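Throughout, a chain's letter reflects where its sequence line sits, starting with A, and its residues are numbered from 1. Note that this is a predicted model, so its numbers are computed, not measured.
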Protein chains: 2
Amino acid sequence: MKAFKTANESDARGNGFIPNLAIDVVVFGFHDSQLKVLLVKYSKTDYVALPGGFIKVDENLHDAAERVAKERTGLNNIFLDQFFVFGDMSRYNAQPFREVMEANGMPAKADHWLLNRFISVGYFALVDFTKVTPTPDKLFDSCGWYDLNALPALIQDHAEIISKALNALRDRLDDKLIGFNLLPEEFTMGQLQALYETILGKKLLRSAFQRKMLGLNILERLAKKYTGAANKAPYLYRFKAK
Amino acid sequence: MKAFKTANESDARGNGFIPNLAIDVVVFGFHDSQLKVLLVKYSKTDYVALPGGFIKVDENLHDAAERVAKERTGLNNIFLDQFFVFGDMSRYNAQPFREVMEANGMPAKADHWLLNRFISVGYFALVDFTKVTPTPDKLFDSCGWYDLNALPALIQDHAEIISKALNALRDRLDDKLIGFNLLPEEFTMGQLQALYETILGKKLLRSAFQRKMLGLNILERLAKKYTGAANKAPYLYRFKAK
DNA sequence: GCAAAAGTGTTCCGTGTACACCCATGA
DNA sequence: TCATGGGTGTACACGGAACACTTTTGC
């Protein structure tokens with residue numbers, strides 16, 4: 001939530017955006033056999049948060065999520081999926097934002113629209129780690145990848161949002177075959193298995209995994225990949241668009 | 001969307017409610033081996049719609065959905081599940097509401113908050129058909145059950161909302177064992193099977209279904225039910241709370 | 001006794017699990 | 001030739017599909 005960039009484009013009343021409604025995007029990446037999440041740190045404070053933003057009054061909800069994801073990753077055509085709406089009053093805590101605004105010279109009047117209660121639509125994004133350019137913003141000191149297993153303290157309920165995003169990703173992994181979005185266009189079976197094992201949090205049998213994946217008829221076998229390692233060269237595969 | 005009752009409690013600016021954000025509830029019931037949906041018809045017009053409402057500024061999102069569902073069914077402790085957020089601009093069509101307001105003596109000024117664009121959080125509810133008292137409202141001519149296979153024309157994208165709700169129900173049926181919410185507390189295996197067959201839209205094998213359900217260890221077998229029919233009396237079962 | 005529905009048993013098959021075996025690669 | 005990792009084959013268990021059989025009920 002709270003992409004202050006977009007907030008700055010508007011005024012203290014939030015004109016141009018739908019009030020009280022936000023989007024939080026959990027951007028997942030995969031690198032070094034680990035799941036990563038893209039997080040931002042607000043300028044001049046220690047607050048770490050999910051990338052987020054608001055919906056323009058005449059903008060499709062999905063487009064708004066795409067816009068937010070694109071702003072932080074530099075990517076187009078990002079895979080995005082809704083997973084939950086966070087609407088409890090208990091998540092409402094304006095204190096961090098008040099501090100951020102004051103620390104950055106924005107007048108934090110009590111009735112500023114950003115300090116109101118927000119309901120947030122949770123999206124998760126699956127991206128090719130190697131293609132992402134984490135992009136901060138004038139109100140962010142940094143924007144970068146964090147290991148899912150070593151997350152820093154996050155504002156509000158953002159830790160819970162990530163947790164629910166991961167659960168949704170697990171649930172839909174086999175069903176909707178969305179994992180490929182986390183890999184480069186060409187990958188080996190070993191990479192794919194490592195990805196699945198990381199997401200599901202358990203070891204899988206190599207032979208069974210291979211046959212299951214090939215049996216789905218969604219993989220196209222390409223040339224072998226000679227890594228220079230002293231072992232058989234694995235084939236490269238590509239996700240076969242239906 | 002658009003529970004005008006709640007709208008009336010507020011003024012033309014929608015004070016007290018979060019603007020641009022609504023809730024639509026697909027209330028499913030099961031009767032005569034058919035899935036039913038609870039719909040409302042707006043007074044003095046032919047517009048049929050899902051029960052809906054808005055979120056009070058200090059109300060939990062889930063509580064708002066519960067409140068809406070309770071208002072139309074008279075029930076407490078309703079099973080409710082989020083399934084999607086509908087946020088496309090293409091769903092925005094204020095014309096029906098303008099007509100409804102004018103037909104019912106409400107001044108439908110162009111800037112009335114109800115005529116703005118709305119994003120709607122979709123919930124589905126599973127209720128015991130026999131316990132529901134469909135309850136209309138001063139702005140509804142009627143509130144009642146409609147067969148899922150014979151729905152009337154609905155306003156806006158409400159037909160699509162119902163379709164997505166049904167898909168979500170199907171997806172979660174086996175996984176989360178939520179079907180029991182559609183039956184009375186005590187039921188026969190035949191009733192349960194008929195429910196599953198109706199939701200999934202296909203015939204199931206009686207023997208396999210029986211063993212699968214019993215194998216889940218979630219059913220408590222009660223006394224037999226003598227129907228008066230010339231056949232073996234089925235046992236009654238009750239969902240075993242974990 | 002008979003028809004109808006409920007409950008249980010039995011067989012078959014496909015899929016996943018577990019493990020074995022071969023193949024390719026470069027040191 | 002050896003270690004390493006990739007690809008494939010095989011035996012087994014489990015659960016669902018299909019069907020048979022028995023039990024219960026009221027006419």
For Met213(B) and dG7(C), what is the distance between atoms CE and C1' respectively, to the nearest whole Å?
16 Å
To the nearest Å, give me how far apart OH (Tyr237(B)) and P (dA6(C)) are.
11 Å
How is Ala208(A) classified with respect to the nucleic acid when contacts are heavy atoms under 4.0 Å: base, sugar-phosphate, or nothing?
base
When all nucleic acid strands are considered with a 4.0 Å heavy-atom cut-off, which category describes Thr188(A): base, sugar-phosphate, or nothing?
nothing
How close or far is atom C1' of dT25(D) from atom NZ of Lys232(B), stated in whole angstroms?
10 Å
Figure out the CG/C1' separation between Leu204(B) and dG15(D), and round it to whole Å.
15 Å
Which of these passes ring pair (Phe, Tyr, Trp, His ring centres under 6.0 Å) with Phe187(B): Phe180(B), Phe129(B), Tyr237(B)?
Phe180(B)
Which class fits the ring pair Phe209(A) and Tyr196(A): parallel under 30°, tilted 30 to 60°, perpendicular over 60°?
perpendicular
Check this for me: Glu197(A), atom CD, are more than 12 non-hydrogen atoms of other residues, nucleotides or ligands nearer than 6.0 Å?
yes
Look at Gln210(B) and dA6(C) and indicate whether a side-chain polar atom (N or O) is within less than 4.0 Å of OP1 or OP2.
no
Parallel, tilted or perpendicular: which describes the rings of Tyr123(B) and His62(B), with under 30° parallel and over 60° perpendicular?
perpendicular
Could you please name the option among dT25(C), dA6(C), dG7(D) that lies closest to any side-chain atom of Ala233(A)?
dT25(C)
note: Leu192(B), atom CG; dG7(C), atom C1'; distance rounded to Å ~ 15 Å
Between CG of Leu205(B) and P of dA20(D) the distance, given in whole Å, is 12 Å
Nucleotide dT8(D), atom C1' - distance to OH of Tyr235(A) in whole Å:
11 Å
Nearest-Å distance, CZ (Arg211(B)) to C1' (dC12(C))?
13 Å
Side-chain-base donor-acceptor pair under 3.5 Å for Arg206(A) and dG5(D)
no
